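In this text the structure is predicted, and so the values were computed from the model without any measurement.
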Amino acid sequence: GVVRAAWRLGAAAAGGRAGRPLSQAAGGGGGAEGGGNSSGSGGSGSREAVERLVRAHPVVVFMKGSPAQPLCGFSNAVVQILRLHGVEDYRAHDVLQDPDLRQGIKNYSNWPTIPQVYLNGEFVGGCDILLQMHQNGDLVEELKKLGIRSALLDAEKDQDKK
């Protein structure tokens, strides 16, 4: 898994580098005024706007694409994990539709990559953390705290019967 982690870090760093000139271009001309404007307007990338989104529902996912059509493997993995647990009722936000939100959510969680999963307004992590929680049973417990019964519990019960 080391190679993949390193590759992922590299990809994240490259993504960060690619994004930087844009923000400099935006902030460079307007100086402080430009900066104050974007944070004060409560645009989709502002901390207030992001906070509203993560608190709007017990399960919130920021991803690339939509649950019906994820546009990256990691986003797809998150959708599949939630599906395994029978979690169909959640909010998914496609960051590809909204560059401000894409940057805003990274700033909010201090986490460099998408997808990001929030349970009860708390940042849980990305694809690998969700997968780990899925494998070690933590996700079942976390969902239970939200009053969501994991479908995997029922699947296990069916196996006991056999």
Can you name the salt bridge (Lys or Arg N to Asp or Glu O under 4.0 Å) partners of R149, sequence neighbours left out? D154
Results of salt bridge (Lys or Arg N to Asp or Glu O under 4.0 Å) for E122 - residues two or more places apart only: none
Look only at the side chain of S75 and the backbone of L71, and say whether a donor-acceptor pair between them is shorter than 3.5 Å. no
Contacts of type side chain to side chain contact (heavy atoms under 4.5 Å, CB included), residue P67, not counting sequence neighbours: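 P67: side chain to side chain contact (heavy atoms under 4.5 Å, CB included) contacts with M63, V79, Y90, A92.
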My understanding is that only residues two or more places apart in sequence, or in another chain, count here; which of them pass side chain to side chain contact (heavy atoms under 4.5 Å, CB included) with L131? I81, H134, Q135
Give me the atom names and distance for the closest heavy-atom approach of [X] to [Y].
X    : Y    : value
P58  : L146 : O-CD1, 3.7 Å
I148 : V59  : CD1-CG2, 3.7 Å
C127 : V78  : CA-CG2, 3.8 Å
A49  : G43  : CB-O, 3.1 Å

For F123, all residues meeting ring pair (Phe, Tyr, Trp, His ring centres under 6.0 Å), sequence neighbours excluded: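 F123: ring pair (Phe, Tyr, Trp, His ring centres under 6.0 Å) contacts with W111, Y118.
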Please tabulate, one pair per line, all N/O donor-acceptor pairs under 3.5 Å involving side-chain atoms of residues 97-104, not counting sequence neighbours.
| from | atom 1 | to | atom 2 | distance (Å) |
| --- | --- | --- | --- | --- |
| Q97 | NE2 | D94 | OD2 | 3.3 |
| D98 | OD1 | S44 | OG | 3.0 |
| D98 | OD1 | D100 | N | 3.2 |
| D98 | OD1 | L101 | N | 3.1 |
| D98 | OD2 | S44 | OG | 2.8 |
| Q103 | NE2 | N107 | OD1 | 3.0 |

Sequence neighbours excluded - salt bridge (charged side-chain N to carboxylate O under 4.0 Å, His left out) pairs with any residue from [range]:
range            : value
residues 69-84   : none
residues 104-120 : none
residues 132-141 : E141-K144

Test side chain to side chain donor-acceptor pair (under 3.5 Å) applied to N76 and Q80, step by step: CA-CA 6 Å; N76 182 43; Q80 297 303 335; 3.2 Å; yes
Taking side-chain hydrogen bond (donor to acceptor under 3.5 Å, both in side chains) as the cut-off, I'd like each qualifying pair that reaches into residues 54-65, sequence neighbours left out, listed once. E51-R55, H57-D89
When hydrophobic residues are tied together by side-chain contacts of less than 4.5 Å, even through go-betweens, does V87 share a cluster with F74?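 Each belongs to a different hydrophobic cluster.
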